[in-house]
Structure formats: structure tokens, C-alpha cells
Amino acid sequence: MKVESVRGMRDILPEEAPLWQRLEAEIRATFALYGYREIRPPLVELAALFSRGVGETTDVVHKEMYVFPDKKGLKLALRPEATASVVRAYVEHGLYAKGDLAKLYYMGPMFRYEKPQKGRQRQFHQYGVEALGSLDPALDAEVIDLASFLMERLGLRREGLLLRLNSIGCAGDRVGYREALRQHFLPRASELCADCQRRLAENPMRILDCKQPQCQPAIRSAPKSVDHLCDACRHHFQQVREHLDALALRYGLDHTLVRGFDYYTRTVFELASRELGAQDALLGGGRYDDLVELLGGPATPGVGFAGGMERLVLVLQAQRGEQTDETPELACCVVPIGDEARKKAIELLARLRRAGVSADMEYMGRSLRKAMQVAGRRARYALIVGPEELEQGQVKVKDLATGEQRLLELQEFSAAPEALRSRFPR
RNA sequence: GGGAGCGUAGCUCAGUGGCAGAGCACCGCGCUGUGGCCGCGGUGGUCGCGGGUUCAAAUCCCGUCGCUCCUCCCA
């Protein structure tokens, strides 16, 4: 049997893990600043949750979802996105009963059966927020502000980002809008690509998304969703834009932005990077005022966004390339000389760790010179434990940055943790 | 889903029919108990996998798996 990872599923190795940890910490801190609390739904849900919530005809559900039967034949799915899961949890646990706005965030792996390439894996990671319970357009703007602020904190230059905005109206508006699109595209069907001819029957809004050159003329002259909004939706969109202006958030209106999931209503937006190549979408989101009710809860509006972590890691890696961080991982490396000293060294090593001094030892049977070399790479200090020192009741501490050496009494290892720790300043 | 390129040592890659290589990394020695520089030596490979052509295949052909890029879709 050949052991290798499954296509599209990759290991995040220790080398890369600190970057992920930093990214995760930055995301959590930012979400907390905006009053969001973490929710951790399971990775596996009933497949029906997504076919109903996200939409049976969406690419993500009908082409890309991992679906499998469990031992009882129950149709399960690895989550392709998390909004449906969060809303399911919201309904299932009656979070609405608290009569307040629920501000929830999540972070974790998602699964889509796609062709892998740079910045796109089959198991990938998303972070996102969901604000459930308010129709306030200020909340739409806040969610966009949050997304934008997070990118700033991660050091993405504003000029490198592109915020696209649109409103696709409420369910009622879309009935009329779809009809208008159908009337527009039907006489031009022969100009459209094969995919779009199919979309014309299934979901004409999808045509707006098409990038095929042959479809562009018909798309450019197509009716705009913003011209088919009811009074309430038009007012809402106007308010969102005013709030964005007040927050000095720059955006471009994109009448072809319709997003890939069926649950969106009214505000939809996307943030892309100009510096990422083909997979340039950083995050996307919008309002979904019908989803809670659709999944069995009371009519409750919602707004949120989700972003991909792989792409942020790519951006952060590019940034890191310019600077070098040479802080050693450990405070101390214990280097014993001889078998007798080694026994004592193991004891001292345990004491260091209990005092909060990160420390490790040579386990590979390397020569003293080699052990010192490794210590020089991994740690700030080398603790040399040899027969000569032990005879005096001492060990030697070498500062590997300066080369200075001093002696340390063995009694010091029995002192208070803070005292011992102070002997190894980083 | 469609198109193109690439898989050779842990890493980066050279080798394009004739003994599988270099640099870096790793280990040892010079320097018997002290790292970073230098020098010398060494370990390490089913040449992604399977089949075919050939006296002979890392090299040519077919298939397959994986990665990368474009397209598509998206995060």
C-alpha cells in the first residue's frame, strides 16, 4: 500500500504552522473587537441541509459536495461552507429566543471536490461571521468594515484590494428580475455559450457571472438587479452605501455580482486581491434574510461573510519573504557530557520546563561539537552539564548569541520558578 | 469540466539512449569538553507508478497518479 495524502488534501507542516497560528490569532482578535463569539459546528451535516440551504442547483452543492452514506444509509455531507451549519445550530438551539442579535464567528476546514491548484484545495479553510437578527443596513456596512479592517490588520495594502458591491433584492424582487433577464437573453440565446443557454432555463442570474467573451455583449446590455428593487430594498441599499461612504470604505458597484449561493438577498459583496493571480477572491458575503426561516426557524434576517485562509497565507508568505525573523524557538538547550552527567541533565531539563523555561536536549547521540552547533540554531542558551562542573555543584550557561559563559549553581534549579526563569532572559 | 507544463537524494535542480550527479542539508574528522567561518571525508536514490520499444531507458512511446499554471468556478 502506498501511503500518500489524498488529492487536494495537504499537510500544514511545522514550518508553516506558525504562520497559520498568527493568522488565526489575528482573525479571532479582530472578530472579538466587533463583538462576535465563536461557534464550532461539526464538519459533517445532513446533505439535505446544504441542498436546501445553499441551493440544489448551485455548483458547490450539485457538483462539488462530498456526499456519502453512513452505516445506516443516512445521506451525509462534508460541509462545503459554514453559513448553513451556523444557521442550523442557531435554529436547533433556539439562539433566537434570547431576543438579541446573535453575532457568531467560525473558522475551520471546508470541503469541495474541485480541481486543486495554488490557493485552492479540496480541504480548505475558511473563517467567517454571521450576524443574525437585524435588518439594519448599518449592520451590512459593519460586516464589510470588519472584513476590510481585518485585511488592513494583516497588512494587505488598500490599493491592492478591490471591493465589489451589488444588491440583488428580496425574493419578491427576484421573480420580476429573473423574468426581465429571461426576456433580455432569450432573443440572444444563440450568442450565448452552452453553459449560459442551460443557465437561461435554470437560473438566468448565473449568466451574469459568466466570463466567456462571447457572452459579454449580452451581459453588458442586460437589465440590472438594482433597477428591479422594491422600495424597501432600494432604500436599504441606499442606506448601506451611505454607511460605507461614512466609513470611508471605497467600493465599485458591480451589476454582474450575484454570488454562488441561492440564499443571498439584498446586499452582496466580494473582496478580491489584485496581487494573487487567478484565485484572487479573498472573501465574499452578503445578506440572507430568508435562510433562517427556510431552515425551520422563525423569520430572522442575517448578514455575514466568509473568507479563505489559504489565500491569506499566500499573501502573508509573500510579505514574510522580505523580512527574516531569527528568534530561536527555545530558551535553552541542555548539552550533557558523558553518561553520568546526562542523568543529572535530564533532571535539570525537567526543572527548567516546570519553571517555564522552554528547553530541550540532544537525543541523537551527536558529538559535543555537533550538539553545540544544533543548540546554536535552536536556542538562545546552551546549558553545559559536564563532570567538571557537577563536581563543583555547578553547570555552565553559554549565551549562544554573544558567546559569553557563566557558571550557575545547581541550587538555583530548586529556587522559585521566577528566579530560575530570570537566569534565562530571551 | 477543458488546455499546457513538470515529477531525479530531505530541499533546489542538472543529466534528453550507454556506470545516477551537483549545491544546500545531514553525519564524522581536522579541533579527544564548546556552535557560527574554513577544509577533508561519508550517509543518503524502486529517477512518481505501471506497461511498451531497444542489446541497453531517468532519457523514447502509451497509460496512470500527483503537482504547477491558464481557463472555469469560487474562498
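In what follows, chains are A, B, ... by sequence order, proteins preceding strands, each numbered from 1.
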Nearest-Å distance for atom pair CZ/P, residues A:Arg120 and B:U71 | 11 Å
Could you state the CG-C1' distance from A:Asn203 to B:C73, rounded to the nearest angstrom?
-> 15 Å
Look only at the side chain of A:Arg311 and the backbone of A:Leu283, and say whether a donor-acceptor pair between them is shorter than 3.5 Å.
-> no
Is the shortest side-chain N to carboxylate O distance from A:Arg342 to A:Asp339 below 4.0 Å?
-> no
Could you write nucleotides 26-35 of chain B as a row of B, S and -, 5' to 3', where a protein heavy atom under 4.0 Å of any base atom gives B, of only sugar-phosphate atoms gives S, and otherwise -?
-> SSSB-B-BBB
Does A:Arg7 have a side-chain nitrogen or oxygen under 4.0 Å from the phosphate oxygens OP1 or OP2 of B:C67?
-> yes
Taking only residues two or more places apart in sequence, or in another chain, which ones meet A:Glu159 in a salt bridge (charged side-chain N to carboxylate O under 4.0 Å, His left out)?
-> A:Arg157
Identify each donor-acceptor pair in which a side-chain atom of residues 125-133 of chain A lies under 3.5 Å from a protein atom, sequence neighbours left out, and give them as a table.
from, atom 1, to, atom 2, distance (Å)
A:His125, ND1, A:Glu310, OE2, 2.9
A:Glu130, OE1, A:Tyr288, OH, 2.4
A:Glu130, OE2, A:Thr83, OG1, 2.7

Extract all donor-acceptor atom pairs below 3.5 Å that involve side chains of residues 101-108 of chain A and protein atoms in other chains or at least two apart in sequence.
from, atom 1, to, atom 2, distance (Å)
A:Lys103, NZ, A:Tyr34, O, 2.8
A:Lys103, NZ, A:Glu142, OE1, 2.8
A:Tyr105, OH, A:Arg28, NH1, 3.1

Paired with B:G28: which nucleotide, if any, by Watson-Crick or G-U wobble criteria at under 3.5 Å for both distances?
-> B:C40
SB check A:Arg351 A:Glu347 (cutoff 4.0 Å) = yes
For residues 255-270 of chain A, which residues have at least one heavy atom under 4.0 Å from RNA chain B?
-> A:Arg259, A:Gly260, A:Phe261
Return the polar atom pairs (N/O with N/O) between nucleotides 2-5 of chain B and the protein under 3.5 Å, or none.
from, atom 1, to, atom 2, distance (Å)
B:G2, N7, A:Lys115, NZ, 3.4
B:G2, O6, A:Lys115, NZ, 3.1

Are A:Lys63 and B:C73 close enough that a side-chain N or O sits under 4.0 Å from OP1 or OP2?
-> no
C1' spacing across the pair B:U53 / B:C61, given as an integer number of angstrom = 7 Å
Gap between atoms CZ and P, on A:Phe111 and B:C73 respectively (whole Å) = 25 Å
